[in-house]
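What you see is a predicted model; the values in this text were computed from it and never measured. For this chain, numbers begin at 1 and follow the sequence in order.
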Amino acid sequence: MVAVLVILDGASEPLRGGEPTSLELARTPALDALAREGTLAPLTTVPAGLPAGSECAIPALLGWTPPAPVDRAAIEAAAHGIALAPGERAWRVDVLDAEGGRAGERAVARGAARLAASTPHQRVHRLAGHRLLVTGPSPLATELCGSVSDIPTRIRTARLQAWPAGIVPPAVLDERTVVVGARGAAVGVARLMGAATVVPAGATGQPDSDLAAKARAALGAIDGGAERVVVHVGGPDEAAHRRDRAAKVAAIERADRELVAPLADAVARAGGTLRVCPDHSCDPATGAHDDAPVPCLDWSPRDQRQISVAQRPQSDADRLTERAVAGLPAVALAAVAAPEAA
């Protein structure tokens, strides 16, 4: 038996009256069929008082609830296999544009060069998109800690924002849990927590990521006897940060078609369980994260009802959407971890 968790990063978003959300706009026949037979609930993924983001929500989804903000730099270093020597630490630094959004390629290159010149005793690593990672002796880079307002003017003029330090997730998992994703938050968290990880070729964490390759990796892990398989899809969140609703909808539709459908078939054959949910909300109108409960779908072939899907009419209450769970009590963090296969 296997428990499968699909994390649709940032797929949820706030309800605004009758305006449809991206999950409502997306054509998701695989998820719709599962929702008719499974259970929908609002899930609290971001612990109270912590910032809304994958670094806090993904550990909770994997079974460890952070008691304090999580160190995003440690996650990035683990995800990219960047080792730290004794006495060194890491800082995640974002390159921002004039409006505070994610900077483009040329601006990121200039920001990385300026940061390297400002911190000559540190190493500056280019990650994906607007992300940088600075590593080196901690006494020599303490000026990068804190919010953007705390960074010296000579660095702040490059529109660089350093993430604050935090706690590191503990190693409470083992190789019986397999996490499939790009080199980003999910893989970094999984490695710190002790799980096995798979980064398929073509897995970028962007809307164009190779989801079929992720599906093949997940199916291989299921066939290999993994007890829990987690697949992370970063495309919806990345599209929302760019304020591109159409791209977010398309990313959700691709995940439904290329990932959820084959995994549901595999879970049905294995007699396991399947959970699909965002890790947090990300509003394509603002590009900002939100800590509101997210819609969560739990399904097992044991949930199949006597009436066939073809005989049962479609209902908005039978879809993985924010509106479908809006009136239900939120599930507590203690129940966040992927359900065990019976």
Side-chain angles (χ1 to χ4, degrees), residues 6-54 56-58 60-61 96-97 99-102 206-207 232-257 259-260 275-299 309 312-333 335-336:
V6 177
I7 302 174
L8 301 177
D9 199 313
S12 183
E13 55 200 53
L15 286 170
R16 291 192 176 89
E19 179 183 344
T21 66
S22 297
L23 282 170
E24 291 177 312
L25 290 170
R27 297 181 295 274
T28 54
L31 281 170
D32 294 352
L34 297 172
R36 292 187 187 104
E37 298 177 348
T39 302
L40 294 169
L43 194 64
T44 301
T45 56
V46 179
L50 298 189
S54 297
C56 292
I58 290 177
L61 285 168
L96 308 177
D97 60 22
E99 289 74 39
R102 299 180 173 196
Q206 301 296 318
H232 178 264
V233 181
D237 188 61
E238 292 296 329
H241 282 305
R242 299 171 191 169
R243 305 186 186 184
D244 188 341
R245 182 181 292 279
K248 181 175 182 179
V249 171
I252 294 170
E253 292 179 344
R254 282 192 60 218
D256 182 78
R257 180 175 62 252
L259 193 61
V260 174
R275 168 170 285 178
V276 183
C277 68
D279 56 346
H280 55 73
S281 294
C282 191
D283 191 348
T286 63
H289 287 173
D290 185 274
D291 62 359
V294 299
C296 177
L297 165 64
D298 285 321
W299 177 85
V309 169
R312 185 177 180 193
Q314 176 68 54
S315 166
D316 288 342
D318 292 325
R319 303 196 69 214
L320 180 68
T321 68
E322 303 84 354
R323 208 174 308 275
V325 301
L328 301 176
V331 177
L333 281 168
V336 163

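For residues 277-297, every residue pair satisfying the salt bridge (Lys or Arg N to Asp or Glu O under 4.0 Å) rule, not counting sequence neighbours, is listed here: Arg16-Asp283.
The two residues Asp237 and Gly10 come nearest to each other via the heavy atoms OD1-CA, 3.7 Å. Residue Gly235 comes nearest to Ala251 through the heavy atom pair C-CB, 3.9 Å, listed as atom of the first residue, atom of the second, then distance. Nearest heavy-atom pair, Leu320 versus Leu297, reported as atom, atom and distance to 0.1 Å: CD1-N, 3.7 Å. Considering every non-hydrogen atom in both Arg323 and Glu19, the closest pair reads NH2-O, 3.1 Å. Leu61 and Pro278 get closest at one heavy-atom pair: CD1-O, 4.3 Å. Summarising the geometry of Pro51 relative to Val46, their closest heavy-atom pair is O-CG1, 3.6 Å, with the distance given to 0.1 Å.
Taking CG of Leu43 as the reference point, atom SG of Cys277 lies at 5.5 Å (rounded to 0.5 Å). Considering CG of Leu15 and OG of Ser281, their distance stands at 9.0 Å, rounded to 0.5 Å. Atom CG of Leu31 and atom CZ of Arg36 lie 11.0 Å apart (nearest 0.5 Å).
Between the side chains of Thr28 and Arg319, a donor-acceptor pair is found at a separation under 3.5 Å.
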Inset, instruction - Evaluate side chain to side chain contact (heavy atoms under 4.5 Å, CB included) for Thr21 paired with Ser12, printing each intermediate quantity in order. - result: CA-CA 8 Å; Thr21 66; Ser12 183; over 6 Å; no

Inset, instruction - Take Asp318 and Asp32, measure what side chain to side chain contact (heavy atoms under 4.5 Å, CB included) needs, and give me the verdict at the end. - result: CA-CA 6 Å; Asp318 292 325; Asp32 294 352; over 6 Å; no

Inset, instruction - Before giving the answer on side chain to side chain contact (heavy atoms under 4.5 Å, CB included), spell out for Val331 and Cys296 the whole-Å C-alpha distance, their side-chain angles and the decisive distance to 0.1 Å. - result: CA-CA 9 Å; Val331 177; Cys296 177; over 6 Å; no

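Every residue two or more places apart in sequence or in another chain was checked for a salt bridge (charged side-chain N to carboxylate O under 4.0 Å, His left out) with Arg257, and none qualifies. By the side chain to side chain donor-acceptor pair (under 3.5 Å) test, Arg254 pairs with Glu258, sequence neighbours left out. For the side-chain contact (heavy atoms from CB on, under 4.5 Å) test, residues two or more places apart in sequence or in another chain that qualify with Ala30 are Asp256, Val260, Ala261. With sequence neighbours excluded, the residues satisfying side chain to side chain donor-acceptor pair (under 3.5 Å) with Arg242 are Gln206. His289 meets the ring pair (Phe, Tyr, Trp, His ring centres under 6.0 Å) test with His241, His280; sequence neighbours excluded.
Partner of Glu238 under the salt bridge (Lys or Arg N to Asp or Glu O under 4.0 Å) criterion, chosen from Arg243, Lys248, Arg102: Arg102.
Side chain of Glu322 to backbone of Pro14: no donor-acceptor contact under 3.5 angstrom is found.
The shortest distance between side-chain heavy atoms of Ser22 and Ile252 falls below 4.5 Å. The side-chain heavy atoms of Pro295 and Leu40, taken from C-beta on, include no pair separated by under 4.5 Å.
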